Amino acid sequence: METDSPVLVLMRHGQSEDNERDLFSGLRDPALTARGMEEARAAGRALRALGLHFDGAVTSRLQRAQATLALLLGELGHPSLPVQVTAALNERDYGALAGLNKTEARSRFGSEQVRAWRKSYEAVPPGGESLAMAAARVWPFFDACIAPRVRSGESVLVVAHGNSLRALLVHLDRLAPEAIEEVNIGNAGFLIYEANADGRWGRRAGVKMPI
């Protein structure tokens, strides 16, 4: 599906060492596993097969996202593509949950409370950020630094984290906050958007997304 029209691609990092151990990461900085590295390479091959070409990339300050992006760009044949690194796209801060196994967290705090902290828009983990709080840093950065590039004709690749991307989807898809509870982006899963003339963002038709 070769295309010259500008696109925005959002991708979650590959499996991290914390993902493998089912730990809350938040602002922890685990490396990719061998599986995560291969997931990143496979995603790069998938983007290449779609005929996508990028003018620049944006990622977080955490190594699991940066390593995923580097592997992607290698598969795309653009290892020197300009990359912007920003804390605005970091994973949300899980506070007291960071480093806990999810089973351990459910035992300590209760399953329903942990589910609310993980999935809801407003619930705030002890000492951490709600998804709404993460959105308060993600949305302004996107509107100021990413959206204008795509609307001016650039294709931009964003590699970030499950929750920073979920926060962004509320904005792009104009979701009600409660609707985001059912959205999960798998490791190295990606979404492709185009900027519509009416100012909205549309997911590209005909591409099956791993979400």
Side-chain angles (χ1 to χ4, degrees), residues 3-13 25-29 40 43 47 52-70 72-73 76 78-95 120-122 124-125 128-180 183-185 188-204 207 209 211:
T3 179
D4 292 325
S5 59
V7 295
L8 167 69
V9 174
L10 308 178
M11 180 173 291
R12 185 184 174 196
H13 61 81
S25 290
L27 298 181
R28 286 162 54 87
D29 201 17
L47 292 176
L52 298 180
H53 303 278
F54 297 96
D55 300 289
V58 187
T59 191
S60 81
R61 293 191 178 276
L62 301 173
Q63 67 169 324
R64 56 193 184 273
Q66 293 184 25
T68 297
L69 176 58
L72 279 172
L73 295 181
L76 289 169
H78 295 292
S80 60
L81 193 75
V83 175
Q84 181 178 5
V85 177
T86 175
L89 294 180
N90 282 357
E91 178 59 287
R92 71 178 173 118
D93 185 352
Y94 267 121
S120 77
Y121 193 65
E122 298 289 350
V124 184
E129 289 181 297
S130 66
L131 194 61
M133 292 163 69
R137 58 177 162 83
V138 172
W139 294 1
F141 175 81
F142 177 81
D143 286 341
C145 300
I146 298 177
R149 295 176 64 179
V150 181
R151 295 193 185 283
S152 69
E154 293 187 38
S155 288
V156 179
L157 172 61
V158 176
V159 178
H161 306 268
N163 284 299
S164 53
L165 293 177
R166 287 174 70 233
L168 188 52
L169 294 188
V170 174
H171 192 40
L172 295 180
D173 294 339
R174 304 193 180 196
L175 298 176
E178 57 271 17
I180 201 63
V183 174
N184 180 62
I185 302 173
F190 63 87
L191 299 161
I192 303 174
Y193 285 85
E194 293 176 315
N196 296 331
D198 62 2
R200 293 174 178 258
W201 293 86
R203 288 200 197 170
R204 171 165 285 184
V207 178
M209 298 304 172
I211 187 170

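From a predicted model like this one, the values you see are computed outputs, not experimental measurements. Heavy-atom basis, side chains included; hydrogens, waters and symmetry copies ignored.
No donor-acceptor contact under 3.5 angstrom links the side chains of H53 and S155, judged on distance only. Judged by distance alone, the side chains of T59 and R64 never bring a donor and an acceptor atom under 3.5 Å apart.
Taking E122 as the reference, nothing meets the salt bridge (charged side-chain N to carboxylate O under 4.0 Å, His left out) condition, with sequence neighbours excluded.
A salt bridge does not link R28 to E91: none of the charged nitrogens lies less than 4.0 Å from a carboxylate oxygen. A salt bridge is absent between R61 and D29; no separation between the charged side-chain nitrogens and carboxylate oxygens falls under 4.0 Å. For the pair E154 and R149, the salt-bridge criterion is met [side-chain N within less than 4.0 Å of a carboxylate O].
Considering only heavy atoms from C-beta on, L89 stays 4.5 Å or farther from L62 through its side chain. Within the 4.5 Å cutoff, the side chain of L76 has heavy atoms near those of the H78 side chain. The closest side-chain heavy-atom distance from D55 to L81 is not below 4.5 Å. Residues L47 and M11 meet the side-chain proximity criterion, which asks for heavy atoms closer than 4.5 Å. In this structure, the side chains of E129 and R137 come closer than 4.5 Å at one or more pairs of heavy atoms. V156 places none of its side-chain heavy atoms less than 4.5 Å from the side chain of V7.
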Derivation and outcome, side chain to side chain donor-acceptor pair (under 3.5 Å), residues R92 and S25: CA-CA 9 Å; R92 71 178 173 118; S25 290; over 6 Å; no

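Between W139 and H171, the angle of the ring planes stays under 30°, which puts this pair in the parallel group of the 30/60° scheme.
The number of heavy-atom neighbours closer than 6.0 Å to CZ of R200, taken from other residues, nucleotides and ligands shown, is 12 or below.
Under a 3.5 Å cut-off, the side chain of E194 and the backbone N or O of R203 do not form any donor-acceptor pair. Judged by distance alone, with hydrogens and angles left aside, the side-chain atoms of S164 form no donor-acceptor pair with the main-chain N or O of A160 at under 3.5 Å.
Here the rule is side-chain contact (heavy atoms from CB on, under 4.5 Å) with W201, and of L8, D173, L168, L169 only L8 fits it.
With values rounded to the nearest 0.5 angstrom, Y121 atom OH is found 9.0 Å from I180 atom CD1.
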